[in-house]
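Beneath this line is the structure, given in structure tokens, with notes to follow.
Counting begins at 1 with the first residue of the sequence. It should be emphasised that the depicted structure is a prediction, and the values quoted were computed from it without experimental measurement.
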Amino acid sequence: MNIILLGPPGAGKGTQARRLVDERCMIQLSTGDMLRDARNSGTEMGNRVAGIMDRGELVTDEIVIGLIEEKLEGDTGGGLIFDGFPRTLAQADALEALLSRKGTGLDVVIEMRVDDETLVARIIARSTCAACGEVYNDLTRPVPDDGRCAKCGGMQFTRRADDNEESLKTRLLAYYKQTSPLIGYYHCKEKLRVVDGLGEIADVAASISEAMSKTP
């Protein structure tokens, strides 16, 4: 099964993607992770990515699609999770064309719907284990009382510099301007399912699982 997790920054897409990886052996395709992996891979595509990033230029849709195509050549496990891509209608069309060429397609697009004010409050409270990247939140999932990461035992936690109210509102505006048209796009294709992205992590996971199970 191939899915897209759609939602604004901080909606919890990464957290839910990691659960699907662990529970269903799916493969998470995050744009940021793919670019970092490519940069360090030493492949022809990786060298192109490294050059673009070193020059401070934006990576083109063509290159991102190329990276996804490389991933499709390998083991796709229990299916693919597209996290952070597509962001625009043009990217959505390009992804659909690529999947069609590979004899596959999207099964469901899950919109993690959130309330902006609640989302901002939640993001300001989040932190990340510096060692393994596990995400914590002062409000919903605080760091354990012993000050150690529950996943790796690390004791250093960081907060993103742009996890502040002003930056978040700018990122949300960009999301709604650029990415929200995808909601209508996938609704027309009868692929869209909506879940409450502000519930407890386990509750959101259960809603996503239910949405996936109802896919024809």
Side-chain angles (χ1 to χ4, degrees), residues 3-23 26 28-37 53 58-59 64 81-88 91 109-183 186 192-209 211:
I3 71 170
I4 291 174
L5 292 180
L6 191 63
K13 300 185 296 297
T15 297
Q16 295 301 328
R18 286 190 291 274
R19 288 182 70 105
L20 291 169
V21 169
D22 292 340
E23 296 171 4
M26 298 180 76
Q28 180 185 6
L29 296 183
S30 163
T31 305
D33 290 343
M34 285 192 296
L35 291 174
R36 284 188 289 271
D37 290 346
M53 295 176 72
L58 292 176
V59 177
V64 176
I81 308 162
F82 294 97
D83 170 14
F85 188 91
R87 294 178 184 270
T88 66
Q91 291 175 354
V109 177
I110 298 173
E111 180 197 357
M112 298 176 63
R113 190 166 292 177
V114 297
D115 170 76
D116 287 358
E117 290 187 8
T118 305
L119 179 65
V120 169
R122 187 170 76 174
I123 294 178
I124 290 173
R126 73 180 177 182
S127 60
T128 304
C129 173
C132 71
E134 189 74 358
V135 178
Y136 294 91
N137 190 284
D138 299 341
L139 303 175
T140 60
R141 192 195 178 210
V143 173
D145 292 339
D146 63 1
R148 295 182 178 274
C149 174
K151 184 175 182 179
C152 74
M155 299 184 68
Q156 292 187 343
F157 301 88
T158 61
R159 297 185 189 270
R160 282 179 49 161
D162 58 353
D163 277 355
N164 59 75
E165 187 169 354
E166 183 176 350
S167 294
L168 286 167
K169 288 182 177 179
T170 300
R171 288 157 60 194
L172 284 170
L173 180 61
Y175 167 78
Y176 288 122
K177 181 179 180 180
Q178 184 179 53
T179 308
S180 59
L182 293 174
I183 294 170
Y186 286 117
L192 186 70
R193 306 290 184 273
V194 179
V195 302
D196 178 6
L198 287 178
E200 296 293 330
I201 292 174
D203 293 337
V204 176
S207 296
I208 289 174
S209 180

>> Apply side chain to side chain contact (heavy atoms under 4.5 Å, CB included) to residues Leu172 and Leu119 and explain how you reach the verdict.
In response: CA-CA 10 Å; Leu172 284 170; Leu119 179 65; 3.7 Å; yes
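- A heavy-atom distance below 4.5 Å is found between the side chains of Thr179 and Leu6.
- The CD1 atom of Ile123 sits 6.0 Å away from atom CZ of Arg171, with the distance rounded to the nearest 0.5 Å.
- Here Arg36 pairs with Asp33 in a salt bridge; the nearest charged N to carboxylate O distance falls below 4.0 Å.
- Asp83 places no side-chain N or O within 3.5 Å of a backbone atom of Lys13 that could act as its donor or acceptor partner.
- Residues passing the ring pair (Phe, Tyr, Trp, His ring centres under 6.0 Å) test with Tyr186: none are found, sequence neighbours excluded.
- The minimum heavy-atom distance linking Val114 with Ala11 is given by the pair CG1-CB, 4.0 Å.
- Scored by the side-chain hydrogen bond (donor to acceptor under 3.5 Å, both in side chains) test, Asp196 finds no partners at all (sequence neighbours excluded).
- Considering only residues two or more places apart in sequence or on other chains, Arg141 meets the side-chain hydrogen bond (donor to acceptor under 3.5 Å, both in side chains) condition with Glu134.
- In this structure the side chain of Val64 never reaches within 4.5 angstrom of the side chain of Gln91, judged on heavy atoms.
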Mind listing the side-chain donor-acceptor pairs of residues 146-155 below 3.5 Å, one per line with the distance, residues two or more places apart or on another chain?
from: Asp146; atom 1: OD1; to: Arg148; atom 2: N; distance (Å): 3.0
from: Arg148; atom 1: NH1; to: Gly153; atom 2: O; distance (Å): 3.4

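- Every residue two or more places apart in sequence or in another chain was checked for a side-chain hydrogen bond (donor to acceptor under 3.5 Å, both in side chains) with Thr158, and none qualifies.
- A distance of 10.5 Å separates CD1 in Ile81 from CZ in Arg18, rounded to the nearest 0.5 Å.
- Atoms CD1 and CG, on Ile4 and Leu29 in that order, are 11.0 Å from each other to the nearest 0.5 Å.
- The side-chain contact (heavy atoms from CB on, under 4.5 Å) test applied to Thr118 returns Asp115, Leu198, not counting sequence neighbours.
- By the side-chain hydrogen bond (donor to acceptor under 3.5 Å, both in side chains) test, Asp37 pairs with no residue at all, sequence neighbours left out.
- Atoms CG and CZ, on Leu168 and Arg160 in that order, are 8.5 Å from each other to the nearest 0.5 Å.
- Side-chain contact check for Arg19 versus Ile201: some heavy-atom pair is nearer than 4.5 Å.
- Arg122 approaches Asn137 most closely through the heavy-atom pair O-ND2, 2.6 Å.
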Taking distance alone, no hydrogens or angles, what donor-acceptor pairs closer than 3.5 Å link side-chain atoms of residues 124-133 to residues at least two apart or in another chain?
from: Arg126; atom 1: NE; to: Asp163; atom 2: OD2; distance (Å): 2.9
from: Arg126; atom 1: NH2; to: Asp163; atom 2: OD1; distance (Å): 3.4

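- Gln178 pairs by the side-chain contact (heavy atoms from CB on, under 4.5 Å) definition with Arg87, Thr88, not counting sequence neighbours.
- For residues 121-148, every residue pair satisfying the ring pair (Phe, Tyr, Trp, His ring centres under 6.0 Å) rule, not counting sequence neighbours, is listed here: Tyr136-Phe157.
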Given side chain to side chain contact (heavy atoms under 4.5 Å, CB included), test Val109 with Leu182 step by step and report yes or no. CA-CA 10 Å; Val109 177; Leu182 293 174; over 6 Å; no
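- Tyr175 is linked by a ring pair (Phe, Tyr, Trp, His ring centres under 6.0 Å) to nothing, counting only residues two or more places apart in sequence or in another chain.
- Panel note: side chain Glu165, backbone Ala121; no donor-acceptor pair is recorded below 3.5 Å.
- Partners of Asn164 under the side-chain contact (heavy atoms from CB on, under 4.5 Å) rule, at least two apart in sequence or in another chain, are Glu166, Ser167.
- Across Gly14 and Gln28, no two heavy atoms sit closer than the pair CA-NE2, 4.2 Å.
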